[in-house]
Each structure stands twice: as structure tokens, then as C-alpha cells.
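In this chain, residues are counted from 1 in sequence order. These numbers were taken from a predicted model, which means no experiment stands behind them. Side chains included, hydrogens not; waters and symmetry mates left out as well; all remaining heavy atoms used.
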Amino acid sequence: MATSDAVLQVLSGAGPRSFSSDLCFNNLDLAFRSKHIKYVKKRASRHMKMFECSNVQQNCIGKHWFKRSGDGDLSVNATIKRLQLLRCKCQKAERVSGVTTEGGNGTWFVDGAKTLNLNGAVNTSGVLELGDTQQLMREKEVLTSNGSLNKEEESLATNGAVGTGRDASRKVSVNPTEEEAWELLRDSVVHYCGSPIGTIAANDPTSSSVLNYDQVFIRDFIPSGIAFLLKGEYDIVRNFLLHTLQLQSWEKTMDCHSPGQGLMPASFKVRTFPLDGDDSATEEVLDPDFGEAAIGRVAPVDSGLWWIILLRAYGKCSGDLSVQERIDVQTGIKMILRLCLADGFDMFPTLLVTDGSCMIDRRMGIHGHPLEIQALFYSALLCAKEMLAPEDGSADLLRALNNRLVALSFHIREYYWIDLRKLNEIYRYKTEEYSYDAVNKFNIYPDQVSPWLVEWMPNQGGYLIGNLQPAHMDFRFFSLGNIWSVVSGLATRDQSNAILDLIDAKWSDLVADMPLKICYPALEGQEWQIITGSDPKNTPWSYHNAGSWPTLLWQVSDGGILC
């Protein structure tokens, strides 16, 4: 299975699922099957060679590390002291309960039950039972003694590839580049009390400046989590989701002020301390950062949105819906939604955020209503709508969620869209209109249109602008916001095709030899000085200022936009 098809299956519901339809990805086939993909694919093949995904898919669902609480709910207003919520006293040992280190990376088995019960419904599809595992190991020993089990077949047997309908004797070709990538990814895995819990942001042994790159970032783990889901290694994603959920309720203050309940951390670090009176024992503690230690002290708005999206992807791919059905997980989803849907002074359905509150986490003039946040917000709302349990306590929240989805999609599609037709319309705008039926609703001055845009805009194609505020339109092309608008269905079918047309037409500007520009064009000269504050890290065409970010290729693969 190619990488593009595999990723599409993870987030479009090819794995075991309980929902027959998914609004979050209902426009994917329309966008991906269009003729425009062929043009971008043709251009992509000339510029880069994408990774191929191994066909080996594991179907075992990991051990349940957490149990439902007996009281049935979490207190939204509860303040839990740091270093007490997720404390774990660890003894160094070669074997952890439920994990065997034989075979390199270890094999995870379902512990304590032969089948997985999801709210009373027995789900045996794709689950490797304990008895099957024992039988499998016995067969493996017999085959090994007869010399008829090669190394690849042994890996299939050990990791539970039985039940995929695949012939065990069939050899699986492994791309050397993919194999090296997996080695690097596994080297970055962080463990907490013997269990994998995430991957660090950067693993460069030659770098002397670590800062916070040795921490597990919520947004940075998303592509790693998708890769693990494709590989069938669900436990690390499950552990990540549940442990970060626990961090959501921690006390978080800065200068005697506490943000709203529901805020997810930007990152966390596993810290190890020796236990008093016992030199051989250690204590591991998760230390989160909600922005109070970050550069610029900005709270991460996108963390909670990415968490909801990954939770939905985990359930779709693994078939383990027990995680999203847990009471504490349901409460966590509601807390994030209440924080995002809270009433405020804003007249727009879009989320109002400060500068640096998402992937672009430094001053880059994206304060207000940046497209990236709105696309993630829309996607998270759709995912939450599919996962929220239908109960009396969720009725008002679901009603508010549905109302926001309608208003948000209309607002983005109508007012953020720019193409040659819209550009000509802006040039004819009348200003200072005071009426309910004004054409220039946001009082945009035609002189705001940058000269580069007129020359850059292709005859065929368009995109969603980066930001919209009263008397201000940010005409920069932001890759993640536009890509995710196609992925989630926030953009219409015609708009999605037009975005792909623009990427194709402007391939040399957006992709070139080192994919992919995070935005285009770069801020230069006096504009760079004023907007970034002369940020030395965001000099023109570097880092967040139109720098190249290959990590965005997990969404743009083989020239097509992926979910």
C-alpha cells in the first residue's frame, strides 16, 4: 500500500469503526479523485521521491493502562497539584508487565481479557487474543526449529500480523530510506514508567543548544502518531492521548493568573528523580509547559485541537473506541470545546488568538484570526461531533457546536477566499460603507493589495488568505492552513481544486528543491523589522518566515493533499 493510500485510510475510516459516516472527511474523495490531482502528481514526481509505506499492518490493540474512574466524572474546577497527579515510582527492570523485550522493539499483548468489551459490545475484529498469542509463539518455535522461518516471517509472527489476510510466507520488501527513517523515529521515542509516551521534538546530538527541543510537543507528535498508527503500533498513541489528558487538569498559572480550564500543554518532559532512602529506585514525573516557560509566554491554542483530531484518528485506525468513550476522555473533549466556544466580544465565528499561538510560535503578524487555527478548529469540531456521547449533558454543547460549524464554514469560504475574480472585486471596493448590506463588510482598502500578489496569482487557481480582521487582509499563502482546509472539507470542492491548481502552478515557489514553504512570500526589509521586531531567527526565507518545513509533506504526499 502506498503512503498516500495508507494515510488516507487512517483518517478517512478504512480501519474498524463504529460510525457509518464521518462529516470531518466527507469531501476527501471529491478533492482527491479530481483530475487536478493528476497535474500535481505529475509535477511532484519530477521534484521529489516520497517514502513508500510498508504493507505490514499490525492488528493488536494494546494493553489498557488506564481504567474508568468509579465516581463517573472529573471535576472541571478541580486543581491538582503538580508532581502528584502522574507520579510513578519506577524500579529499573528488563521486563515491564504486559511487554516482552524479545524481538527488539517489544511485542504488546492484550492483558487480562480475551476480548475487548466496548460499552458492553464485544469487539473481536483485529484483536490478537492471549490464547492466539501463545499458539502463535508455539508455532513460531516449531517453524524456527525446522529452519523454515525467515527473518521477515519471524517479524510478522512476533508482531501479530496474523489476521490481516496476508500469507505468512510472503516476503515484505523494505525501503532502505524508510527503514532508516523508522530507526531515527524510534530513537526519538520517550518512555514513561516503561511505556512509550511520545517523541521528542528534535533529536540532534550535534546541537549544543537544546532549549525545549528535548520535550514532547503536542503538535510535533501528530505526524509521528500518524506514522505509528499506520505501522499498527497503537500503544504509543494511546499512551500519549491519555497522559496528555491527565496534564489538562494541572494547575497552570503565570503572574498569579490562571488560563481557562481545558487548555492542553504545548509540551511536556519526563523528569527522573531518585527516591529518598533508596538509591536503586527512581521516580518519574511528567512536567508540562502550558506556555508559562515558553519563549514569548504564549499559550498553545492548537494543542487541544490537534489532540481531538489525533484521538479520532486513533479510534478509526485501531478500532479501539473504548478510549474516546471513557468518562475522563469525554470530559476532556467537553472542556476543550467549552474553552473554544465560550462567548466573547468577537462578532466573528472564527477563533481570536494572539501571535505565536500555533505552529508559527513566534511573532509573525498572525494575531487575530489566522487560517491555520480556523482550519484546525473546524476539523476538531467535526471530530468532536462524531465522538461526543449522546446524553442530556451534551445537548447544549452539541447545539452550539453545530451552529458554529455552519457559521465558521460560511465565513471562511466567503471572506477568506482570493482568486483573480475576487482580486478584481477588491480593487472596486467602496470604503466607509455604513449599512447592513455593505459589499465591503470589513472596510478593506484597495491599496492594501500587495504588488506581488497581482503578479503571482495564476489564471487558474486560488487560495484562502492567511488572516482577516477589520480593515486588514493578510494575503500571504500559509501552507498548513490551506492544506488542512482541503483535508477537513472546510474549503468547498471547487476551492479545493483551485488550491491544488495554485500549488501546481507555483510549484517552484512553494516546493522547489526543499519542500515545503510554511508561507509565501517572506517578510523583508522594513516590513520584516516592523512585524517580527527584527527577529534574527525569522530572517527572510528562514524558519517561520517562508522557511522550508519538510514535515508538512505528511499532508502533501505524492503531489496530493492527504488527510
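Every residue two or more places apart in sequence or in another chain that forms a side chain to side chain donor-acceptor pair (under 3.5 Å) with Asp396 is listed here: Arg399. Remark: Phe477 engages Tyr463 in a ring pair (Phe, Tyr, Trp, His ring centres under 6.0 Å) (not counting sequence neighbours). Shown here are the ring pair (Phe, Tyr, Trp, His ring centres under 6.0 Å) partners of Phe478, two or more places apart in sequence or in another chain: there are none.
Around atom CD of Glu414, more than 12 heavy atoms belonging to other residues, nucleotides or ligands sit under 6.0 Å away. Residue Gln460 places its CD atom among 12 or fewer non-hydrogen atoms of other residues, nucleotides or ligands, all under 6.0 Å distant. Residue Asn459 places its CG atom among 12 or fewer non-hydrogen atoms of other residues, nucleotides or ligands, all under 6.0 Å distant.
Within the 3.5 Å criterion, the main-chain N or O of Tyr234 finds no donor-acceptor partner in the side chain of Ser318. Within the 3.5 Å criterion, the main-chain N or O of Pro265 finds a donor-acceptor partner in the side chain of Ser303. Side chain of Glu372 to backbone of Pro370: no donor-acceptor contact under 3.5 angstrom is found. In terms of modelled atom types and a separation under 3.5 Å, the side chain of Asp355 and the main chain of Gly365 share a donor-acceptor contact. A donor-acceptor pair is defined here as one N or O able to donate and one able to accept, closer than 3.5 Å; no such pair exists between the side chain of Thr532 and the backbone of Gln529. The backbone N or O of Ile531 sits less than 3.5 Å from a side-chain atom of Arg363, completing a donor-acceptor pair. Of the possible donor and acceptor atoms, none in the side chain of Asn545 sits under 3.5 Å from a partner among the backbone N and O of Ala522. Ser394 places no side-chain N or O within 3.5 Å of a backbone atom of Pro390 that could act as its donor or acceptor partner. Ser496 places no side-chain N or O within donor-acceptor distance of the main-chain N or O of Val486, the cut-off being under 3.5 Å. Side chain of Gln330 to main chain of Gln324: a donor-acceptor pair is present (N/O by atom type, distance under 3.5 Å, no hydrogens or angles).
Ring pair Tyr520/Trp541 is tilted by interplanar angle, where 30° to 60° counts as tilted. In this structure, Tyr415 and Phe410 have perpendicular ring planes: the angle between them is above 60°, well past the 30° mark.
Counting all heavy atoms, side chain and backbone alike, Ile444 lies closest to Thr431 at O-CG2, 3.9 Å.
The only member of Gln374, Gln469, His369 that meets side chain to side chain contact (heavy atoms under 4.5 Å, CB included) when paired with Phe348 is His369.
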From CA spacing to verdict: side-chain hydrogen bond (donor to acceptor under 3.5 Å, both in side chains), Trp484, Ser488
CA-CA 6 Å; Trp484 204 257; Ser488 64; 4.7 Å; no
Could you walk me through whether Ser542 and Thr539 pass side-chain hydrogen bond (donor to acceptor under 3.5 Å, both in side chains), step by step?
CA-CA 6 Å; Ser542 63; Thr539 54; 2.8 Å; yes
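Taken to the nearest 0.5 Å, the CD1 atom of Ile499 stands 8.5 Å off from the OG1 atom of Thr492.
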